[in-house]
Amino acid sequence: MASNAFQHLMKSSRKLAENNPPSKKRIKIAAVATSNERTPQKHFWKSGLTQAMNDSENIVESSDSLVIIKDKYPKAKFHYLVIPKDIQLNSARELTKLHLNLLKEMQQKSELLIKDLLSKAEFKIGFHAKPSMDHLHLHVISTDFVSSCLKTKKHWNSFNTKHFLSLSDLIKKLEEKDNLDDLYPSDIDIELYLKKALNCNQCQFEAKTMPSLKTHLETHASSL
DNA sequence: GTTCTAGAAC
DNA sequence: GTTCTAGAAC
């Protein structure tokens with residue numbers, strides 16, 4: 001009897017939940033509806049970085065030419081973005097020999113940034129071949145990949161396949177050639193990379209699901 | 001890029 | 001029944 005009453009209560013509370021969606025969602029719908037009436041911007045979120053790099057809350061350090069911020073959704077214990085202030089490019093694909101000095105400055109600043117962390121972590125420094133956010137940004141990320149923000153296969157593969165282009169490779173290429181045409185993957189290859197099986201970056205383990213990969217990565221991190 | 005959630009996969 | 005992924009979001 002008591003359990004029946006409890007089940008009934010649960011049922012009715014679930015119904016209540018259905019009839020009253022979370023306020024967060026309502027606000028979102030209202031905001032979208034407003035933006036549609038006046039300025040329909042399908043990809044408004046792409047400019048998120050441009051906002052973040054100008055918000056002192058996020059800035060780790062800043063110079064005339066570069067700003068370094070913490071990634072808002074870090075995919076590892078340490079995850080920074082090194083962003084050139086005065087560049088119009090959205091992707092590393094368009095970098096040329098003319099950008100070599102800038103890239104070397106970014107490399108120097110990145111190495112300085114992680115200098116004191118090298119006893120705690122290893123780092124990857126590079127660009128996503130196909131970034132989602134506008135404004136060229138260099139990822140400086142620790143290789144533990146232990147983070148609650150790491151959730152999807154795309155997250156993992158974007159850093160752990162040839163979708164991730166190491167800065168030192170880019171610099172090497174531009175020292176011998178004018179552009180990155182013969183280093184850069186095609187759009188088709190990029191799609192394949194992002195859908196690859198989930199291979200651990202520290203051993204031969206292949207995970208079947210993201211949750212199992214995350215559990216596995218934690219075992220590497222705790223054995224350090 | 002994230003959030004949300006339907007329905008696939010287990 | 002629960003876990004997990006993947007596609008929509010105008």
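Here is how names work: the chains are called A, B, and so on, in the same order as the sequence lines, proteins then strands, and each is numbered from 1.
Between the NE2 atom of A:His163 and the P atom of B:dG1 there is a distance of 8 Å, given to the nearest Å. The CG atom of A:Leu194 sits 15 Å away from the P atom of C:dT5 (whole-angstrom rounding). Atom P of nucleotide B:dT2 and atom CG of A:Asp71 are separated by 8 Å, given to the nearest angstrom. Protein atom NZ of A:Lys153 is 11 Å distant from nucleotide atom P of C:dG7, rounded to whole Å. Regarding A:Lys130, its NZ atom lies at a distance of 11 Å from the P atom of B:dG1, rounded to whole Å. Summarising the geometry, the separation between CZ on A:Phe44 and P on C:dA9 is reported as 13 Å, rounded to the nearest angstrom. B:dG1 atom C1' lies 11 Å from atom CG of A:Leu81, rounded to whole Å. In this structure, A:Lys214 atom NZ and C:dT3 atom P are separated by 16 Å, rounded to whole Å.
With salt bridges taken as basic N to acidic carboxylate O contacts below 4.0 Å, one links A:Lys177 and A:Asp182. Salt-bridge formation is not detected for the pair A:Asp181/A:Lys173: no Lys NZ or Arg NE/NH1/NH2 atom is positioned less than 4.0 Å from an Asp or Glu carboxylate oxygen. Under 4.0 Å is where a charged nitrogen must lie from a carboxylate oxygen, and between A:Lys70 and A:Glu57 no such pair does.
Among the heavy atoms of the strands lying under 4.0 Å from A:Pro211 are primed sugar atoms or P, OP1, OP2 only; no base atom is included. Within 4.0 Å (heavy atoms only), A:Lys151 reaches sugar-phosphate atoms of the nucleic acid but no base atom. Within the nucleic acid shown, A:Lys195 has no heavy atom closer than 4.0 Å to any nucleic acid atom.
For the residue pair A:Glu122/A:Ser142, the side-chain donor-acceptor check at 3.5 Å is not satisfied. A donor-acceptor pair shorter than 3.5 Å can be found between the side chains of A:His139 and A:His79.
Hydrophobic clustering (ILVMFWY, side-chain heavy atoms < 4.5 Å, transitive): A:Leu95 and A:Leu138 are in one cluster. Grouping the Ile, Leu, Val, Met, Phe, Trp and Tyr side chains by contacts below 4.5 angstrom, directly or via other members, places A:Val60 with A:Leu117.
Considering only side-chain atoms of A:Met210, the nucleotide from B:dT3, B:dG1, C:dT5 that sits closest is C:dT5. Set against C:dC4, B:dG1, B:dT2, the side chain of A:His155 has B:dT2 as its closest nucleotide. In this structure, of B:dG1, B:dT3, C:dC4, it is B:dG1 that holds the atom nearest to the side chain of A:Lys154.
With a cut-off of 3.5 Å on both pairing distances, the Watson-Crick and G-U wobble pairs of DNA chain C assemble into stems of 3 or more at B:2-10 with C:1-9.
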